[in-house]
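Since the structure comes first, as structure tokens, the remarks are kept for the end.
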Amino acid sequence: MKIVDLTGTLEEGIWDYGPPYVNYQIEHTANLSDNGYIASKVQITPHTGTHIECLAHWRKDVSGIEGEALEKFAGKAKVLRIPVHAEPLYQITEEQLKEAGAQKLCPDDICIIATGWDKLWEKENYIKESPFLSVEAAKYLSAKGIKLIAMDTPMIGDPNDGIDQVPKDLELPDYVFLDRGINILLGLKNLEQIPDEVMFYAFPLKLKGAEGSPVRAAAVIE
């Protein structure tokens with residue numbers, strides 16, 4: 001058995017979405033000489049690094065990430081490979097999904113889209129020029145009955161639709177998935193190291209009332 005880590009490292013300087021989100025920081029609050037042990041505090045958001053986004057990110061009066069069934073974050077995954085070759089703001093269409101094998105998706109599958117964008121993890125344009133799904137592509141995938149959509153990008157919708165502020169009248173891929181109970185996982189890495197069908201796991205922290213959570217994502221290859 002081989003376990004492949006598909007998670008980005010959380011470290012100071014890691015990308016973030018900018019205000020109103022905060023950047024990742026770690027500060028030591030105890031040390032060996034003064035306390036006899038080492039302790040620290042961490043500044044983080046539910047959207048830091050490789051993370052899950054749930055419906056509470058977009059809707060009021062719904063449960064936070066703690067209310068999501070763990071079964072949603074583990075299971076058989078199919079990888080759709082759509083290389084974008086670092087092309088900025090690349091829109092992934094329904095037709096491209098079909099060409100990549102989306103017709104093989106079954107109910108309760110986890111759908112992983114591999115674009116290769118994780119190679120730009122440390123680049124300035126990682127967020128603002130991220131590939132994204134068209135709304136029609138999101139509707140097509142959600143109709144397949146998948147239980148989780150995952151990508152190696154920081155965005156699932158068009159970055160130009162807004163990050164610090166999103167207009168109320170837009171139709172977003174995020175809404176398409178989340179309103180159907182399909183959580184969104186963003187910021188995967190190393191997808192070139194796993195086969196097209198694999199067992200996948202990405203469990204969120206049990207953060208009461210939070211609209212998402214960082215995860216440790218991994219694939220298990222037998």
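- Taken to the nearest 0.5 Å, the CZ atom of Phe73 stands 7.0 Å off from the CG atom of Leu148.
- Look at Glu192 and Lys119 and you find a salt bridge, because one of the NZ, NE, NH1 or NH2 atoms lies within 4.0 Å of a carboxylate O, short of that distance.
- The line from NE2 of His51 to CG of Leu188 is 10.5 Å long, rounded to the nearest 0.5 Å.
- The cluster map of Ile, Leu, Val, Met, Phe, Trp and Tyr, joined by side-chain heavy atoms under 4.5 Å apart, puts Val135 and Ile156 in different clusters.
- Ion pairing of Asp5 with Arg216 is present here, as a side-chain N (NZ or NE/NH1/NH2) and a carboxylate O approach within less than 4.0 Å.
- Judged by distance alone, the side chain of Glu211 and the main-chain N or O of Pro46 form no donor-acceptor pair under 3.5 Å.
- When every heavy atom of Leu97 is checked against every heavy atom of Ile82, the shortest pair comes out as CD2-CD1, 3.8 Å.
- Summarising the geometry, atom CE belonging to Met155 is positioned 10.5 Å from atom CD1 belonging to Ile184; distances are rounded to the nearest 0.5 Å.
- Among all heavy-atom pairs drawn from Ala74 and Lys147, the shortest one is O-NZ, 2.6 Å.
- Judged by distance alone, the side chains of Asp158 and Gln91 never bring a donor and an acceptor atom under 3.5 Å apart.
- Ring planes of Tyr21 and His47: perpendicular class, angle over 60° (limits at 30 and 60°).
- Between Lys104 and Asp109 no salt bridge is recorded (no basic side-chain N to carboxylate O distance below 4.0 Å).
- Side-chain contact between Pro195 and Ile221 is present, with heavy atoms from C-beta onward closer than 4.5 Å.
- By the 6.0 Å and 45° rule, Arg180 does not stack over the aromatic ring of Tyr175.
- Counting only heavy atoms from C-beta outward, the side chains of Leu120 and Asn125 approach each other to under 4.5 Å.
- Taking the side chain as every heavy atom from C-beta outward, Phe132 and Thr153 never approach each other to under 4.5 Å.
- Within a 6.0 Å sphere centred on CD of Glu124, heavy atoms belonging to other residues, nucleotides or ligands number 12 at most.
- Annotation: side chain of Ser213 is not in contact with side chain of Phe203 (no heavy-atom distance under 4.5 Å).
- In this structure, a donor-acceptor pair under 3.5 Å is absent between the side chains of Glu122 and Trp15.
- In Glu11, the CD atom is crowded: over 12 heavy atoms of neighbouring residues, nucleotides or ligands sit closer than 6.0 Å.
- In plain terms, the two heavy atoms of Ala217 and Thr7 that are nearest each other are N-OG1, 2.7 Å.
- Once rounded to the nearest 0.5 Å, the distance linking CH2 of Trp121 with OG1 of Thr9 reads 8.0 Å.
- Clustering ILVMFWY residues whenever any of their side-chain heavy atoms sit less than 4.5 angstrom apart, transitively, puts Ile52 in the very cluster that holds Leu191.
- Without hydrogens or angle criteria, Gln96 side chain to Thr93 main chain gives a donor-acceptor distance under 3.5 Å.
- To the nearest 0.5 angstrom, Cys54 atom SG is 12.0 Å from Asp174 atom CG.
- To the nearest 0.5 Å, the span separating CD1 on Ile44 from CD on Gln25 amounts to 11.5 Å.
- Pairing each heavy atom of Val84 with each of Pro131, the nearest pair is CG2-CG, 3.9 Å.
- The shortest non-hydrogen separation linking Lys78 to Cys106 is NZ-SG, 4.1 Å.
- The pair Lys139-Glu171 counts as a salt bridge, with a side-chain nitrogen and a carboxylate oxygen less than 4.0 angstrom apart.
- With no hydrogens or angles considered, a side-chain donor-acceptor pair links Asn23 and Gln43 at under 3.5 Å.
- In this structure, a donor-acceptor pair under 3.5 Å is absent between the side chains of Gln103 and Tyr140.
- Nearest heavy atoms, Gly67 versus Ser63: CA-OG, 4.2 Å.
- No side-chain heavy atom of Glu66 sits less than 4.5 Å from a side-chain heavy atom of Leu207.
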